[in-house]
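Because the structure is predicted, anything quoted here is derived from the model rather than measured. Side-chain atoms are counted along with the backbone in the values below, which use heavy atoms only and exclude waters and symmetry mates.
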Amino acid sequence: MARRLRPVDLGFVRSAPVRLVFARQIAASPESVFHALAEDVAGWPEWFSAVTLARTTGEGAGREVRLRGGTRFAETVLVAKGPEVYAYRIDETNTPGARALVEEWRLAPAGGGTRVQWTFAADGPPVFRALLRLARPGLGKAFRDAMTALDRRLAR
């Protein structure tokens, strides 16, 4: 890993200089979605196409994630409260410019399925923040595609 990020807590999700929030309703139950997010970490590449590797570390207290293009993350799980919320902080990454990153997944029952909300909270220098804001449409599409694929996978 190239750089160690600032250790932030879950409150960073609400105070971060850049907050990208995406939501989608899927047919799967909150329990099934939570299981896929927090307990079947190794299964992420099967439904989130940007992820090439995901595995738990530290007996479930952390995660190692690799993305297409070579981005790598070492993460600490901040909260895993099923079936409502799963959040993690990125501790180390090779992403240039990042100073602090937290991702939070909130799940709520909705119409017989689940409303999934993903918040990507970040800090970095002004150029990094601007690039993240420009990446919003692409991240939104990746999220929508991932939720469609996850819903299909959980329906099997």
Please check if the side chain of [X] supplies one atom and the backbone of [Y] the other of a donor-acceptor pair under 3.5 Å.
X	Y	result
R136	L20	no
R153	A149	no
D91	P7	no
W105	E84	no
T114	P109	no

(message) The criterion is ring pair (Phe, Tyr, Trp, His ring centres under 6.0 Å); which residues satisfy it with F22, sequence neighbours excluded?
(response) W118
(request) Compute both the distance and the angle, then confirm whether R99 meets the cation-pi test with F128: under 6.0 Å from the six-membered ring centre, within 45 degrees of the axis. (result) no
Where do [X] and [Y] come nearest, in terms of heavy atoms and distance?
X	Y	answer
L101	A98	CD1-CB, 4.1 Å
L154	A28	CD1-CB, 3.6 Å
P30	G113	CD-O, 3.8 Å
P17	A122	CD-O, 3.4 Å
R115	A23	NH2-CB, 3.4 Å
P83	L107	O-CB, 3.3 Å

Using a 4.5 Å cut-off on heavy atoms from C-beta on, say whether the side chain of [Y] contacts that of [X].
X	Y	result
L150	V116	no
V33	Y86	no
T93	T71	yes
V65	W44	no

Gap separating the [atom1] atom of [X] from the [atom2] atom of [Y], nearest 0.5 angstrom:
X	Y	atom1	atom2	value
E75	T57	CD	OG1	8.5 Å
L139	R144	CG	CZ	10.5 Å
T95	F73	OG1	CZ	4.5 Å
T52	R66	OG1	CZ	7.5 Å
H35	D40	NE2	CG	5.0 Å
N94	L67	CG	CG	9.0 Å

For residues [X] and [Y]: do they belong to one hydrophobic cluster (side chain heavy atoms under 4.5 Å, members Ile, Leu, Val, Met, Phe, Trp, Tyr)?
X	Y	value
V21	F143	no
V13	V8	yes
V102	I90	no
W47	V41	yes
F12	V79	yes

(request) Identify whether the distance between the nearest side-chain nitrogen and carboxylate oxygen of D123 and R129 falls below 4.0 Å. (result)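 R129 and D123: salt-bridged.
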(message) Looking at R152, I want to see if its CZ is surrounded by more than 12 non-hydrogen atoms of other residues, nucleotides or ligands under 6.0 Å.
(response) no
(request) Sequence neighbours left out, what pairs pass salt bridge (Lys or Arg N to Asp or Glu O under 4.0 Å) with at least one residue falling in residues 11-31? (result) R14-E104
